[in-house]
Amino acid sequence: MRLNQNTLLLGKKVVLVPYTSEHVPRYHEWMKSEELQRLTASEPLTLEQEYAMQCSWQEDADKCTFIVLDAEKWQAQPGATEESCMVGDVNLFLTDLEDLTLGEIEVMIAGVTTLGLTKFEAKIGQGNEPSIRMFQKLHFEQVATSSVFQEVTLRLTVSESEHQWLLEQTSHVEEKPYRDGSAEPC
């Protein structure tokens with residue numbers, strides 16, 4: 001998360017902010033849901049484990065983790081906490097040290113400009129049909145199936161024309177410094 005620890009992305013409908021310790025309590029409450037655990041192939045964690053996970057991700061150079069905020073709520077209510085505006089998260093994992101243009105993504109975002117990514121992969125539980133359909137609508141194609149992990153791997157390779165399209169679609173997004181620009185200590 002070192003790559004995005006001081007980055008806020010402001011869009012029309014959502015705001016992406018780095019995952020900090022202030023987000024952990026609400027995130028932890030979400031992850032108590034057995035359905036969310038099943039859909040995200042996650043194990044239940046204690047609150048202390050969740051804080052430790054957030055801290056380790058903050059220090060990790062191979063991950064970009066953003067919390068998704070409802071932009072309208074966040075901007076319309078002065079003094080609203082980020083925690084009260086949280087609606088989800090976006091994760092990007094740099095998983096292949098031999099191919100630095102490949103990032104595993106959980107939600108589609110435009111990461112091609114800053115990170116230089118040209119390929120995105122999503123690993124989804126075989127039973128998670130809503131997520132599989134969503135990624136297929138975004139032009140991801142199935143490239144692998146793991147019977148051991150009961151998941152499918154979908155990939156999007158971004159062509160030059162798709163890259164231009166992504167830039168056009170996200171031209172309204174503003175990149176701003178997050179808070180004072182200094183990451184909180186773990």
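Everything numeric here is computed off the predicted structure, so don't read it as measured data. Numbers for residues simply follow the sequence, beginning at 1.
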J.: Is any side-chain heavy atom of Asp89 closer than 4.5 Å to one of His23?
T.: no
J.: Considering only NZ, NE, NH1 and NH2 on the basic side and carboxylate oxygens on the acidic side, decide whether Lys12 and Glu174 come within less than 4.0 Å.
T.: no
J.: Thinking salt bridges, do Lys13 and Asp70 make one under a 4.0 Å N-O criterion?
T.: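 Looking at Asp70 together with Lys13, the answer is no, because their closest N to O distance does not fall below 4.0 Å.
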J.: Indicate yes or no for a side-chain donor-acceptor contact from Lys73 to the backbone of Ser84 under 3.5 Å, with no hydrogens or angles considered.
T.: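 Flag set: sc Lys73 to bb Ser84 pair under 3.5 Å.
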J.: Charged N to carboxylate O below 4.0 Å: is that the case for Glu83 and Arg26?
T.: no
J.: Flag yes if more than 12 heavy atoms outside Glu43 fall under 6.0 Å of its CD atom; otherwise flag no.
T.: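 Check fails, neighbour count at 12 or below.
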J.: Ignoring hydrogens and angles, tell me if any N or O in the side chain of Thr170 forms a donor-acceptor pair with the backbone of Val173 under 3.5 Å.
T.: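 Looks like no, no N/O pair under 3.5 Å.
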J.: Please list every donor-acceptor pair under 3.5 Å in which a side-chain atom of residues 130-143 meets a protein atom from a residue at least two apart or in another chain.
T.:
unit_1, atom_1, unit_2, atom_2, d
Ser131, OG, Asn128, OD1, 3.3
Ser131, OG, Asn128, ND2, 3.2
Gln142, NE2, Thr145, OG1, 2.8

J.: Hey, are the side chains of Leu16 and Val68 touching, using non-hydrogen atoms and a 4.5 Å cut-off?
T.: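 Counting from C-beta outward, Leu16 and Val68 do come under 4.5 Å.
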J.: Between Lys119 and Glu162, is there a side-chain N and carboxylate O pair less than 4.0 Å apart?
T.: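 Glu162 and Lys119: not salt-bridged.
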J.: Testing the basics here: between Leu97 and Leu100, what is the closest heavy-atom pair and its distance to 0.1 Å?
T.: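 In this case the closest contact between Leu97 and Leu100 is O-CD2, 3.9 Å.
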J.: Using the side chain to side chain donor-acceptor pair (under 3.5 Å) rule, take Gln54 and Gln58 through it: C-alpha gap first, then chi angles, then the decisive distance, then the call.
T.: CA-CA 6 Å; Gln54 179 276 326; Gln58 179 177 313; 3.0 Å; yes
J.: Taking all non-hydrogen atoms of both residues, which atom of Cys85 and which atom of Ala80 are closest, and how far apart?
T.: SG-CB, 4.0 Å
